[in-house]
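Notes for the one structure printed next.
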Number of protein chains: 2
Amino acid sequence: MRTHQLVLAWIEEQLAAGVLAVGSRLPAERALAEQLAVSRTSVREAIRVLEAMGLVRSGVGSGPEAGTVITSDPAAALGATLRLHVAASQLPVADIVQTRVLLESWAAAHASADAPSLPVAAQLLARMEACTEVDAFLALDARFHVALAEAAGNAVVSAMMGSLRGAIEGYASRLTANLPDWASTAQRLRLEHASILAAVSAGDSTAAAALVTEHIEGFYREAGLRHGGAN
Amino acid sequence: MRTHQLVLAWIEEQLAAGVLAVGSRLPAERALAEQLAVSRTSVREAIRVLEAMGLVRSGVGSGPEAGTVITSDPAAALGATLRLHVAASQLPVADIVQTRVLLESWAAAHASADAPSLPVAAQLLARMEACTEVDAFLALDARFHVALAEAAGNAVVSAMMGSLRGAIEGYASRLTANLPDWASTAQRLRLEHASILAAVSAGDSTAAAALVTEHIEGFYREAGLRHGGAN
DNA sequence: TAGTTGCTGTGGTCCAACCACATGGCCTAC
DNA sequence: GTAGGCCATGTGGTTGGACCACAGCAACTA
């Protein structure tokens, strides 16, 4: 076993045992290196891995932002991993979109009408009304979909949904250049968002799932996703 | 931007441009460091991240196994990430199981009856007939489920399915200690596997999805998954 | 011809040093 | 007594160099 994996195993143990939890601070790199009798280099490699996994956040200086603290952002980490594999032509974008439809339609069907994230989603829709810039619109759109997914109450589905969205975010942004008229497309998306939110709030799970499916597939159909190998 | 992220960005560019592809060799660490005008340490940190993402494999010495080569094993990487977040109590095991049911029942329903991975799945079932040891049985079980998922032809679903299974593999193994009689449970699982495979081969997608759902939920119900916080 | 030996290049590990940064306490000037 | 500036401290970020184990291969030797 390589040295940095020893550090990773130690940290995983501490997490499983509850000694470390979200919000905890890891010992300083130099102290941890001495404690585990390894070099600071190996400790840093382990921390880089944990950072890529979305499990820790490192900051320099002093104060609350400094040091290495346990966080939990699985969506970003999974998204980055997927994005790299897409770049390596190992994961077709079409499969990502299809999986996203699968997860998100399930989430829409299983969302509870009184979930606290639904008002958040509604606020995001209000902000999108006045938003004309493409990338800002897409950023709000991403947050809306994540809020919708959270209403189903499954953290894994939410994280994977967000990661799928993030993995092809740049791709989706470039796709908008294919659209004949962004303003009209945006308006259509706004209406679809409102319909989805209404269906979820009304508890009409069948309609919600169908609307979500059509919403996502419709966008990529209009923007011209090439099936079978696009990246 | 930190130095190792610069290296990551460079490698992602090379991947996206097709200069690097699966099977390619990365330049040697010392050469890459000089080429990008960074230290070898930073190059190594980037490689550790890519390794954790399942994108590269490093080997010492000379020959085909040596050096750092581009691979693609997203399932293992995603699984390790999920496992750590489970250890940090941020992803409930129940949510992982639920997501697995979602993905796998979808895969069973969308599997094509003539997929090349179905004969592989059948072979795995034959080997499980004679397998009595728990961990070996679970290992074959994992491969069977992945083969089944691959029959649906969606690489992302397959990878996520495998990662979900891997993230709680150790957990499932410990759960078997709760079972009153492993031999009878194993026999039941074998019969269910055969039924699932038969339904998929017959193209009966509705039955296949229902059988998969009951198969997975039944196991965790019998083994006693504590809902809401077990890890 | 067959075996051995050493050269070469690879990643793996460690160390020592320096930098940039943010905080907090001390010290000075008013 | 207060306000301002300054430096000591501890953090991660980065670098260069050194050494090791390993696997292949070529040159050399018996």
Side-chain angles (χ1 to χ4, degrees), chain A residues 1-12 14-15 20 22-73 76-77 80, chain B residues 1-12 14-15 20 22-73 76-77 80:
Chain A
M1 176 178 283
R2 285 180 292 183
T3 311
H4 79 273
Q5 292 175 324
L6 184 149
V7 182
L8 285 172
W10 181 86
I11 293 176
E12 186 169 356
Q14 305 295 305
L15 284 171
L20 289 177
V22 171
S24 304
R25 320 179 65 82
L26 238 55
E29 294 177 356
R30 293 167 177 83
L32 188 52
E34 186 177 12
Q35 179 177 343
L36 299 181
V38 300
S39 71
R40 190 184 163 205
T41 308
S42 300
V43 170
R44 284 180 59 77
E45 286 187 357
I47 291 177
R48 286 293 83 74
V49 170
L50 293 174
E51 203 173 49
M53 288 178 168
L55 251 162
V56 305
R57 168 184 59 75
S58 292
V60 294
S62 314
E65 296 301 311
T68 303
V69 308
I70 311 287
T71 62
S72 193
D73 187 3
Chain B
M1 175 176 285
R2 285 180 293 182
T3 312
H4 79 272
Q5 293 175 323
L6 183 148
V7 181
L8 286 172
W10 182 85
I11 293 175
E12 185 169 358
Q14 305 296 304
L15 282 172
L20 290 176
V22 171
S24 303
R25 320 179 65 83
L26 237 57
E29 294 177 354
R30 293 168 176 86
L32 189 51
E34 186 177 12
Q35 179 177 343
L36 299 181
V38 301
S39 70
R40 192 185 160 203
T41 308
S42 300
V43 171
R44 284 181 58 78
E45 286 186 359
I47 290 177
R48 287 292 83 74
V49 170
L50 294 175
E51 204 173 48
M53 288 178 167
L55 251 160
V56 303
R57 166 184 60 74
S58 291
V60 294
S62 313
E65 296 301 310
T68 303
V69 307
I70 311 287
T71 63
S72 192
D73 187 3

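Letters A, B, ... mirror the listed sequences (proteins, then strands); counts begin at 1. We use all heavy atoms of the structure for the numbers below, so side chains are in, but hydrogens, waters and symmetry mates are not.
When atom types are taken as modelled, the side chain of B:R48 and the backbone of A:S42 share no donor-acceptor pair closer than 3.5 angstrom.
The nearest pair of heavy atoms linking B:R25 to B:L20 is O-CD2, 4.1 Å. A pairwise comparison of heavy atoms in A:V38 and A:L6 identifies CG1-CD2, 4.4 Å as the closest pair. Contact detail for A:L8 and A:A46: the closest heavy-atom pair is CD2-O, 3.6 Å. Closest non-hydrogen pair, A:E51 versus A:V56, comes out as N-CG2, 3.7 Å. Closest non-hydrogen pair, B:G61 versus B:A66, comes out as O-CB, 3.1 Å. In this structure, A:A77 and A:A52 approach most closely via the heavy-atom pair CB-O, 3.1 Å.
Between atom CD of residue B:Q5 and atom CD of residue B:E12 there is a gap of 11.5 Å, rounded to the nearest 0.5 Å. Of the inter-residue distances, the one linking A:I11 atom CD1 with A:L50 atom CG reads 5.0 Å to the nearest 0.5 angstrom. The distance from the CZ atom of B:R30 to the CD atom of B:Q35 is 15.5 Å, given to the nearest 0.5 Å.
At C:dT13, one or more side-chain N or O atoms of A:T3 fall inside 4.0 Å of OP1 or OP2 (strictly under the cut-off).
Summarising the geometry, the separation between CD1 on B:I47 and P on C:dT13 is reported as 13 Å, rounded to the nearest angstrom. If you measure from atom CZ of B:R57 to atom P of C:dT10, you get 16 Å, rounded to the nearest angstrom. Note: CD (B:E45) to P (C:dG11) measures 16 Å, nearest angstrom. For A:R30 and C:dA16, the CZ to C1' distance is 11 Å, given to the nearest whole Å. Rounding to whole angstrom units, CG of residue B:L50 and P of C:dG11 are separated by 13 Å. Spacing between atom CE of A:M1 and atom C1' of C:dG12 amounts to 15 Å, rounded to whole angstrom units. Going from atom CD of A:E29 over to atom P of C:dC14 covers 15 Å, rounded to whole Å. Spacing between atom CG of B:L26 and atom P of C:dT10 amounts to 12 Å, rounded to whole angstrom units.
Under the side chain to side chain contact (heavy atoms under 4.5 Å, CB included) test applied with B:T68, the options B:S58, B:S24, B:P27 reduce to a single match, B:S58. Screening B:E45, B:E34, B:E29 for a side-chain hydrogen bond (donor to acceptor under 3.5 Å, both in side chains) with B:R40, the sole residue that qualifies is B:E29.
B:T41 comes within contact range of at least one nucleobase, with a heavy-atom separation under 4.0 Å. Residue-level contact check: A:A66 touches neither bases nor backbone, having no heavy atom under 4.0 Å from any strand.
Of the residues near DNA chain D, A:R48 and A:G61, the one whose nearest nucleotide (by heavy atom distance) lies more toward the 5' end is A:G61. Take the nearest nucleotide of DNA chain C for A:S42 and for A:V60: the residue whose nucleotide is more 5' is A:S42.
First and last contacting nucleotides of DNA chain D toward chain A (any atom under 4.0 angstrom from a heavy atom, 5' to 3' order): D:dG10 to D:dT14.
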Under-3.5 Å N/O pairs linking protein and nucleotides 3-5 of chain C:
none

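Helix bend of the helix from C:dT1-D:dA30 to C:dC30-D:dG1: the angle between its two end axes, each built from five pairs, comes to 30° after rounding to 10°.
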